[in-house]
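This report concerns only the one structure given below.
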Amino acid sequence: MDDSLSFESFLRGAGKAAFKAMDDHGRGEYDEFALHAGVAVERLGKAALVKRNPVYLLDTNKGNPDLLLYFGGHLDMDADKIRTVGAKDAIKRLRSLGALPPSPQLDKLIELRNGTAHTTVGDQAKALLPTLAETIALLLEDISMPVEHFWGRWSSAIHVAIDKHRDEVQRDVQVRIRQARNRFEDRFGNLPSNLLEGVQAPLRGLRSEWFAAGIHKETGRPGPPMGWFPCPACGNKALAMLRSRDEDAEDELDTFSCTLCGLNLTGVDEYAAAGLRLPEFPPT
């Protein structure tokens with residue numbers, strides 16, 4: 001059988017797509033996340049099927065009886081004639097085999113990946129990171145592979161994503177912190193120490209205290225309090241702004257933004273979930 005249909009090939013493809021999905025989610029590219037997450041589930045699912053029996057890859061909807069002989073290892077065929085089972089049918093077979101339970105959220109993820117869901121992808125897909133993590137964990141258990149072996153540096157984020165003891169905001173923020181750490185490592189991890197120091201040094205001199213963000217050009221009142229404080233993801237100074245204290249704005253949420261790792265937090269709940277500690281009473 002073609003090497004591209006081997007267990008090892010499907011496993012490599014699943015890992016590559018899963019890593020892309022985590023990067024997409026961390027950047028807020030939720031359409032791309034849905035695509036790569038769906039591919040990761042499909043390829044790992046096919047790895048689980050082929051490990052049991054290559055015949056389970058057969059797409060019974062294509063109607064070519066020679067495919068049965070091919071997947072059984074008794075007939076050679078041209079690569080352009082090979083058709084494997086699609087994601088939905090692969091998942092159905094894995095459920096019949098007891099490897100996966102019924103899951104409306106997983107079905108939704110595959111619909112979003114296939115472009116068949118009658119909804120906007122973005123917000124729907126954002127909430128499906130735990131579904132990806134849980135599905136991958138079940139399939140890894142089925143093929144007897146440790147989560148850490150598959151996920152590598154993303155392991156801690158995945159463990160957080162499926163932690164039922166945390167509420168939704170806590171899970172989301174803690175996953176984003178780990179995503180930001182990986183982004184920082186990707187951007188700066190290979191820099192010589194002197195160059196990295198050149199990037200970080202200018203931030204150290206910034207004021208870790210509250211000061212007004214300028215003057216409103218129409219009212220003449222001070223802008224919202226802002227200051228530079230350590231980022232919970234990368235440790236470098238990042239900009240906090242208390243927009244809720246701005247007299248010239250309504251219903252604004254406080255923000256925290258790191259230019260080096262890309263972590264962004266909004267509002268009191270996310271601050272608390274990140275363990276962010278800021279001075280409570282900036283000077284007026």
Side-chain angles (χ1 to χ4, degrees), residues 18-34 36-37 40-41 101 103-106 108-109 112 120-141 146-148 150-186 227-245 251-280:
F19 272 48
K20 286 182 178 179
M22 293 301 293
D23 287 332
D24 295 332
H25 196 277
R27 296 195 314 271
E29 299 289 343
Y30 300 120
D31 289 21
E32 293 296 312
F33 165 75
H36 289 127
V41 169
S103 169
Q105 293 299 92
L106 176 57
K108 174 64 70 176
L109 176 61
L112 293 174
T120 302
V121 173
D123 290 340
Q124 291 267 338
K126 178 183 179 181
L128 293 176
L129 179 57
T131 300
L132 171 64
E134 291 165 0
T135 302
I136 294 291
L138 289 169
L139 292 173
L140 291 175
E141 181 180 358
V147 170
E148 290 75 13
F150 179 85
W151 281 110
R153 69 175 190 168
W154 287 111
S155 297
S156 64
I158 292 302
H159 286 307
V160 170
I162 59 179
D163 185 353
K164 300 299 185 182
H165 297 291
R166 302 174 190 255
D167 65 29
E168 184 176 348
V169 173
Q170 289 176 323
R171 287 198 304 270
D172 178 54
V173 170
Q174 288 299 318
V175 167
R176 281 156 50 198
I177 286 175
R178 286 156 175 79
Q179 290 168 328
R181 287 174 183 162
N182 287 343
R183 273 198 305 275
F184 182 84
E185 180 65 24
D186 288 341
W228 296 85
F229 304 97
C231 173
C234 68
N236 295 285
K237 284 189 178 178
L239 182 63
M241 187 173 293
L242 300 184
R243 296 182 180 276
S244 60
R245 303 285 185 92
D251 300 323
E252 293 282 351
L253 294 174
D254 299 340
T255 60
F256 184 91
S257 180
C258 182
T259 59
L260 294 189
C261 71
L263 178 67
N264 292 289
L265 302 171
T266 304
V268 174
D269 290 345
E270 292 196 355
Y271 279 24
L276 191 61
R277 298 289 184 265
L278 300 176
E280 293 185 7

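Sequence positions, counted from 1, serve as the residue numbers for this chain.
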With S257 via side chain to side chain donor-acceptor pair (under 3.5 Å) - residues at least two apart | N264
Heavy-atom pair with the smallest gap, counting every atom of A240 and L278 = CB-CD1, 4.0 Å
Any F33 side-chain heavy atom under 4.5 Å of K20 side chain = no
Sub-4.5 Å side-chain heavy-atom contact between L253 and R243 = no
Report yes if the side chains of R178 and I158 come closer than 4.5 Å at any heavy-atom pair, otherwise no.
-> no
Would you say the side chain of F256 lies within less than 4.5 Å of the side chain of M241, judging by non-hydrogen atoms?
-> no
side-chain hydrogen bond (donor to acceptor under 3.5 Å, both in side chains) contacts touching residues 129-140 (sequence neighbours left out) | E134-K164
How about T255 and L265: do any of their side-chain heavy atoms sit closer than 4.5 Å?
-> no
Residue list, side chain to side chain contact (heavy atoms under 4.5 Å, CB included) with R277, at least two apart or on another chain = none
Just jot down the side chain to side chain donor-acceptor pair (under 3.5 Å) partners of R27, sequence neighbours excluded, or say none.
-> D24
Looking at residues at least two apart in the chain, or sitting in another chain, which of them share a side chain to side chain contact (heavy atoms under 4.5 Å, CB included) with A161?
-> L129, A133, V175
Donor-acceptor under 3.5 Å (Q174 side chain, A273 main chain) | yes
Check side chain to side chain donor-acceptor pair (under 3.5 Å) between E148 and all other residues, then give those that pass, not counting sequence neighbours.
-> H159
From CA spacing to verdict: salt bridge (Lys or Arg N to Asp or Glu O under 4.0 Å), D186, R153 | CA-CA 12 Å; D186 288 341; R153 69 175 190 168; 2.8 Å; yes
Which class fits the ring pair F19 and W151: parallel under 30°, tilted 30 to 60°, perpendicular over 60°?
-> parallel
Distance in Å, L128 CG paired with L112 CG, rounded so as to fall on 0.5 Å steps = 6.0 Å
Thinking salt bridges, do D163 and R166 make one under a 4.0 Å N-O criterion?
-> yes
Sequence neighbours left out, what pairs pass ring-ring contact (aromatic ring centres under 6.0 Å, His included) with at least one residue falling in residues 160-185?
-> F184-F188
Does H25 use its side chain to pair, donor to acceptor, with the backbone of A21 at less than 3.5 Å?
-> no
Taking only residues two or more places apart in sequence, or in another chain, which ones meet E141 in a side chain to side chain contact (heavy atoms under 4.5 Å, CB included)?
-> L138
Using the salt bridge (charged side-chain N to carboxylate O under 4.0 Å, His left out) rule, collect all pairs that involve residues 252-270, keeping only residues at least two apart or in two chains.
-> R176-E270
Enumerate, atom names and distances included, each donor-acceptor pair closer than 3.5 Å involving a side-chain atom of residues 227-238, sequence neighbours excluded.
unit_1, atom_1, unit_2, atom_2, d
N236, OD1, Q200, NE2, 3.1
K237, NZ, R204, O, 3.0
K237, NZ, L206, O, 2.6
K237, NZ, S208, OG, 3.0

Sequence-distant partners of F150, ring-ring contact (aromatic ring centres under 6.0 Å, His included), two or more places apart | none
First locate atom CE of M22, then atom CG of L132, and finally report the distance between them rounded to the nearest 0.5 Å.
-> 7.5 Å
If you look at every heavy atom in L263 and A180, which pair is closest and at what distance?
-> CB-CB, 3.9 Å
Mind checking side chain to side chain donor-acceptor pair (under 3.5 Å) for D167 and listing every partner two or more places apart, or none if nothing turns up?
-> none
Apply side-chain hydrogen bond (donor to acceptor under 3.5 Å, both in side chains) to Q179 and R183, showing your working.
-> CA-CA 6 Å; Q179 290 168 328; R183 273 198 305 275; 5.2 Å; no
